[in-house]
Amino acid sequence: MIINNWYVAAQSSDVGDTPFRTRMLGCDFVLFRNAAGEVVCLSDICCHRGASLSRGACSNGRVQCPYHGWEFGSTGQVELIPSLGPDARIPRRARVDCYPVEERYGLIWAFLGDMPESARPELPELLPEYGDEATWRMTRLQRDWDVHWGRLKENLADASHLFLVHSFGKHLSPEMQIFPVEETAWGVRIPQTYSETPTKDSQVFENVPESDNKRPKSSVLIEISVIGMIQKNTQLMASGYNQVIWNALTPIDDTRTRHFNLHFRNFQMDPRHDESMMKTIDWGLQEDAEVIDHLQPPLTPDNFTDELFIEPDGPEKAYREKALKLGRELGRIDWRRRQEMALEKALVIPSPARRDGGSWIHDTVPLLDD
Ligand code: FES
Ligand SMILES: [Fe+2]
């Protein structure tokens, strides 16, 4: 798992004036809104006796620990210790890690790492469709997978399974056209143009007349970002029936992944079609789960020799290379050591304030020696 990266922590609508708990990269976090309505993301482990802050309550724009009532403010610093009284001097070490947060696309993103702002990788802007309600109808989906994030990410980049795994792909030709993969600062992109419809006399979208799905020319753009763990698939059809499938993946831990999906369509835009559209998307994901829940080994290998790559696997291979390269630059958690240490120590992801020195109660997760 990669630190110093942006991850979706929650839907914006999840976080209000009660503490919201979430687990990312094997660590627990609490999210809440302060008095100004800004989202705050803190390590969930109280520095006093290790209670879970998210099991407490919010008061005065702070989160109050449920055990002895210490109140943590927007920077993670304790601002009130009830047992010392209101005028007491609060020790500097009475603090927990606080992570930079950004709200975008109705989602809350947290930067999980200690890089100073000037060095942080920027979340790529890959979704101009968001908010363009005249052109697109959007639906939102969230799903937890019992699968390693790398396995799921590679599955989303993989087009050669569509004809076999998916009911919507039954008409697709198994033979793949090969398109060059372009490397970007954040990941890889693969623009594809099909001079003919990529399907064999099929319908791509349900409920669209077959004649409308005869496409002399279509384009598909696949963008896979390590930064933000985003995968976007833009399908522009000559018929005019277009869709954009956008996904962000957040590792819950090393074997579970939270998946945030936004789907845009420019057809059947009436909201009454939303439910069936979401069912179709969820059905497709379930078809993937039937296969990828059972891959061996469960963790994506971090090499290219333990599995066989062939030419049509270009996007997955390019993505794996990029994820390894950026992971080594940004920092990767040593999960095995972390599991051993976690029995006796509360381990947290380092936050930017650690760069300023001073001492902290909690140790940070061990990193691989990359
Ligand atoms: S454990 Fe949090 S205030 Fe005591
Ligand atoms: Fe799939």
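Any value given below was found using the heavy atoms of this structure, including those in side chains, with hydrogens, waters and symmetry copies removed. When a ligand or atom number is given, it counts from 1 through the structure's own listing order.
- Arg62 places no side-chain N or O within 3.5 Å of a backbone atom of Trp70 that could act as its donor or acceptor partner.
- In this structure a side-chain-to-backbone donor-acceptor pair under 3.5 Å is present from Lys170 to Leu164.
- Looking only at heavy atoms of the protein, atom 4 (Fe) of ligand 1 is closest to His68 ND1, 2.0 Å.
- Nearest to atom 4 (Fe) of ligand 1, among the N, O or S atoms that His48 has, is ND1.
- Remark: ligand 1 atoms within the under-4.0 Å shell around heavy atoms of Cys65 are 1 (S), 2 (Fe), 3 (S).
- Asp114 and Ser351 share no side-chain donor-acceptor pair at under 3.5 Å.
- Coordination check, Cys46 versus atom 4 (Fe) of ligand 1: failed, since every N/O/S atom of the residue sits at 2.8 Å or beyond.
- The protein heavy-atom contact nearest to atom 1 (S) of ligand 1 is Arg49 N, 3.2 Å.
- When each of Phe111, Trp186, Trp109 is checked for a ring pair (Phe, Tyr, Trp, His ring centres under 6.0 Å) with Trp6, only Phe111 meets the rule.
- Pro121 places a side-chain heavy atom less than 4.5 Å from the side chain of Leu330.
- Near Ala51, the atoms of ligand 1 lying under 4.0 angstrom from a non-hydrogen atom of the residue are 1 (S).
- Counting only protein atoms, the N, O or S atoms lying less than 2.8 Å from the Fe ion (ligand 2) are His161 NE2, His166 NE2, Asp288 OD1, Asp288 OD2, ordered by chain and residue number.
- Between the side chains of Ser167 and Glu287, at least one donor N or O lies within less than 3.5 Å of an accepting N or O.
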* Worked check of ring-ring contact (aromatic ring centres under 6.0 Å, His included) between Phe29 and Tyr99 -> CA-CA 10 Å; Phe29 300 85; Tyr99 303 90; 5.2 Å; yes

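- Between Lys279 and Asp282, none of the side-chain N atoms (NZ, or NE/NH1/NH2) sits under 4.0 Å from a carboxylate O, so this pair counts as no salt bridge.
- Between Asp158 and His161, the side chains place a donor N or O and an acceptor N or O closer than 3.5 Å (distance only, hydrogens not considered).
- Within ligand 1, the atoms closer than 4.0 Å to a non-hydrogen atom of Tyr67 are 1 (S), 4 (Fe), numbered from 1 in the order shown.
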